[in-house]
Undergrad: 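Structure below; questions to follow.
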Amino acid sequence: MKRDEELVLMKGAHVLGEAAIRAGCRYYFGYPITPQNEVPEYMSQRLPEVGGTFLQSESELAAINMVIGASMAGGRVMTSSSSPGISLMQEGLSYIAGQELSVVVSDMIRGGPGLGNVAPSQSDYFQATRGGGHGDYRQIVLAPASIQELADLTYEAFDLADRYRMAVMILGDGMVSQMMEPVRLPVMRDLNDLPKKDWILDGAEGRPSRIVRSLYLDLGVLEEHNWKLVRKYEIVEREEVRYEHFMTDDANMLVVAFGTAARIAKGAVKRARREGLNVGLFRPITLWPFPKDELRELSRRIHNILVFEFNAGQMAEDVQAAVCDQAEVISYARPGGTVPTAQEVARVIAGQYYQREIQ
Amino acid sequence: MKKVFTKTPVLKPVPFHYCPGCGHSIAHRLVAEVIDEMGMRGKAIGIPPAGCAVLAYNYFDIDMGEAPHGRGTAVATGIKRVLPDRLVFSYQGDGDVAAIGTAETFHSANRGECITCIFINNGVYGMTGGQMAPTTMVGQPTTTSPGGRDPKFHGHTLKFTEILAQLPGTAYAVRTAVHKPAAIRKAKAAIRKAFEVQMAGLGFSVVEILSPCPTNWKMTPVQAIKWIDKQVTKEFPIGVFKDLSAEKSHAD
Ligand SMILES: Cc1ncc(C[n+]2csc(CCOP(=O)(O)OP(=O)(O)O)c2C)c(N)n1
Ligand code: SF4
């Protein structure tokens, strides 16, 4: 990925918008919701400057269906929201999976359930990674932990959506969208270089007419369609898993965390290291596909695993499933929009570390 | 020999699955003929509903994309914003347009989205077996209002096209019917007008079509068209509620 030379100081929500535009996104449909109102605001100003279209919809339900239409018509399109709005989009995300449309959605999670609060949270891990809509489907979920990574993953998300014809979700929280950090933005894509699509609806001039649908009434045909999707998802699981290791080489205890929680965990791991504890951090960057093989490999030599997340222990289930009974998996879970400090996390790490040593 | 009647090439050579006497078949044909006559086969993009017309893409020989129940005008909005020079229309039932999709239809109209909504009003939910629709008439029995619609209990019959006509973004709003030849000819002219209004960039257009559903009305096809003539058109008057193209040509 080519980036600008210049380092600029920008807010996460603006970086999300700018990186999308630089990736060739020219259509944005969305409805305001905290903590990411700056995304629609940025897009409303910036998209017209590059000949794109911004539309504030009457609801997230309408927004995701406008996204469906724009994707059918071949546009690079995105929407953004936060938890309650993403809940409203679930019907559309299910159709996007069935119709195999290329779509990018960002979800800056806030505390739930219900209206909850607007603090950073990871309580929609299940909704994002399992697919909150109906049917047997998957979506790619990318979890940035810094503003630079937010820029890079947003930029890449559009290519992934086009390559696999599925929804790609950028999963963050209020910290990611509100924080300012220096960033090198990826360079502006030439729209002429974007991949040509032979499935879009743009009028059947001089060619047979096309249909985009998810309905397959005939016996067995829907099953075949589902198996086709499964085969596609298997390729994604093989090709697109991303993760970061931090001081795991000599570790005898592992912290697993994603997004903002991983950032805090990294600080905690550094503290623990200063105190002589051999602790490492493993950070899944793709939450689906989940880096289960890599975790399983790690658990062959590290038998003490602490999963730290801003929810009641959702990813911990995936970690447990990945390592089976090769390691003890302890969940350090903080739901309700609570963001513990690195110091607090370091204390929990130390407690868990010494407990194992004593045993 | 002179050929005076032929099938429009915008319909594929596939038999309709609709019940005998169903208005969807006529409405499909009218839309297809207008697309053909306007020379727009290669530029038209249609959005079928969830409803009896869900398989419309099997019949129209144009690009078509499925919308979730009620979201036709939102999907059409997305398409039109990417391809502003195409002819984009949704084809929807009364439940689709005026119950589950009320907000999307209303706001698409209010934004003056240059799309056309073909709105089939048959007074019931055809596809799911004849339940009450927002358009079900007072006293009319359905499978979910077995004693007949009682406004005190079930709410009132909704005349949505009249409401859409009041929105500044709506350029053309009309109610037609397909229960007799003269009405069918007018319905076709209205569809053409709606498409022209769209392509002229004047705003949102809606063509409501009073349409028989003999199956769920528990009538023969002939009884159903008589019912439209005697009862339905009394409650739902046929006519043009708004036509900005007419006002424009007056001003010219
Ligand atoms: C979200 C959702 N709710 C319910 C349905 C079931 N459903 C499909 S079509 C329909 C009503 C169809 O009635 P109408 O829109 O009037 O069209 P018609 O079949 O009469 O032409 C319903 C309730 C659905 N497909 N999706
Ligand atoms: S149920 Fe009614 S609307 Fe549906 S195909 Fe039959 S007659 Fe037509």
Side-chain angles (χ1 to χ4, degrees), chain A residues 26-29 31 47 52-79 88-96 98-101 103 133-134 199-218, chain B residues 9-12 17 32 35 39-50 54-88 90 100-111 113 115 127:
Chain A
R26 289 294 177 274
Y27 305 95
Y28 174 97
F29 304 89
Y31 187 86
L47 270 171
T53 296
F54 164 88
L55 198 161
Q56 181 170 322
S57 60
E58 63 272 24
S59 70
E60 291 85 350
L61 200 51
I64 196 72
N65 283 284
M66 292 169 184
V67 165
I68 286 176
S71 178
M72 282 178 180
R76 273 208 159 176
V77 57
M78 79 171 296
T79 184
L88 268 186
M89 291 184 189
Q90 293 304 327
E91 182 198 38
L93 287 167
S94 164
Y95 276 76
I96 285 163
Q99 296 171 337
E100 295 192 86
L101 298 176
V103 162
H134 59 285
W199 52 269
I200 60 168
L201 308 180
D202 57 354
E205 194 77 74
R207 61 160 172 78
S209 55
R210 293 176 184 153
I211 299 170
V212 172
R213 61 165 165 183
S214 63
L215 179 78
Y216 298 94
L217 287 174
D218 291 337
Chain B
V10 174
L11 288 177
K12 297 173 192 167
H17 70 279
I35 291 171
M40 296 296 277
R41 188 247 168 210
K43 278 196 169 328
I45 303 167
I47 309 297
V54 67
L55 294 175
Y57 46 59
N58 287 345
Y59 309 132
F60 284 91
D61 192 16
I62 59 171
D63 280 4
M64 291 199 113
E66 156 196 273
H69 189 25
R71 319 292 167 221
T73 55
V75 174
T77 295
I79 293 179
K80 188 76 179 192
R81 292 292 178 128
V82 177
L83 302 167
D85 67 338
R86 304 303 198 278
L87 173 70
V88 182
S90 65
I100 195 166
T102 307
E104 286 78 12
T105 319
F106 187 94
H107 284 280
S108 299
N110 195 48
R111 281 192 307 270
E113 217 58 68
I115 56 175
M127 186 192 214

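These numbers come from a predicted model, not from an experiment. Numbered from 1 within each chain, the chains take letters A, B, ... in sequence-line order.
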Undergrad: For the atom pair CD1 (B:I47) and CE (A:M72), what is the distance rounded to the nearest 0.5 Å?
TA: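 Rounded to the nearest 0.5 Å, the CD1-CE separation comes to 5.5 Å.
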Undergrad: Determine the option with the most heavy-atom pairs under 4.5 angstrom with chain A, choosing from B:L83, B:V54, B:N58.
TA: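 Max contact count across the listed options: B:L83.
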Undergrad: Would you give me the side-chain donor-acceptor pairs under 3.5 Å for residues 59-69 of chain A, sequence neighbours excluded?
TA:
residue : atom : partner : partner atom : Å
A:S59   : OG   : A:L61   : N            : 3.2
A:S59   : OG   : A:A62   : N            : 3.0
A:N65   : ND2  : A:L61   : O            : 2.7

Undergrad: Is there a side-chain contact between A:L215 and B:Y57 (heavy atoms, below 4.5 Å)?
TA: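 They are in side-chain contact.
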Undergrad: Do you know which two heavy atoms are closest between A:S209 and B:D61, and how far apart they sit?
TA: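 Between these two residues, the closest heavy atoms are OG-OD1, 2.6 Å.
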Undergrad: Tell me, for A:S214 versus chain B, whether the close heavy atoms (under 4.5 Å) come from the side chain, the backbone, both or neither.
TA: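 When you check distances to chain B, atoms from both the backbone and side chain of A:S214 fall under 4.5 Å.
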Undergrad: With rounding to the nearest 0.5 angstrom, report the NE2 to CD distance, B:H69 to A:E91.
TA: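 Interatomic distance, B:H69 NE2 to A:E91 CD, rounded to 0.5 Å: 9.5 Å.
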Undergrad: For chain A, which of B:L55, B:I62, B:T77 has the most heavy-atom pairs under 4.5 Å?
TA: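 Sorted descending by pairs with chain A, the first entry is B:I62.
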Undergrad: Go through B:E66, B:R81, B:R71 and name the one with the most non-hydrogen pairs under 4.5 angstrom from chain A.
TA: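 Max contact count across the listed options: B:E66.
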Undergrad: B:D63 pairs by salt bridge (Lys or Arg N to Asp or Glu O under 4.0 Å) with which of A:R207, A:R213, A:R210?
TA: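 That would be A:R207; it is the only one of A:R207, A:R213, A:R210 passing the salt bridge (Lys or Arg N to Asp or Glu O under 4.0 Å) with B:D63.
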Undergrad: From B:H17 NE2 over to A:L217 CG, what is the distance, rounded to the nearest 0.5 angstrom?
TA: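 The NE2 atom of B:H17 sits 9.0 Å away from the CG atom of A:L217.
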Undergrad: Less than 4.5 Å to any heavy atom of chain A: does that hold for the side chain of B:A76, its backbone, both, or neither?
TA: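 Neither part.
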Undergrad: B:R86 versus chain A, heavy atoms under 4.5 Å apart: side chain, backbone, both or neither?
TA: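 For B:R86, the side chain is the part near chain A, not the backbone.
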Undergrad: Which answer fits A:R26, side chain, backbone, both or neither, if we ask what part of it has an atom under 4.5 Å from a heavy atom of chain B?
TA: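 Contact with chain B is absent: no heavy atom of A:R26 under 4.5 Å.
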Undergrad: At a 4.5 Å cut-off on heavy atoms, which part of B:K80 comes close to chain A: side chain, backbone, both, or neither?
TA: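 For B:K80, no heavy atom lies under 4.5 Å from chain A.
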Undergrad: Taking OH in A:Y31 as the centre, count heavy atoms belonging to other residues, nucleotides or ligands within less than 6.0 Å. Is the count above 12?
TA: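 No.
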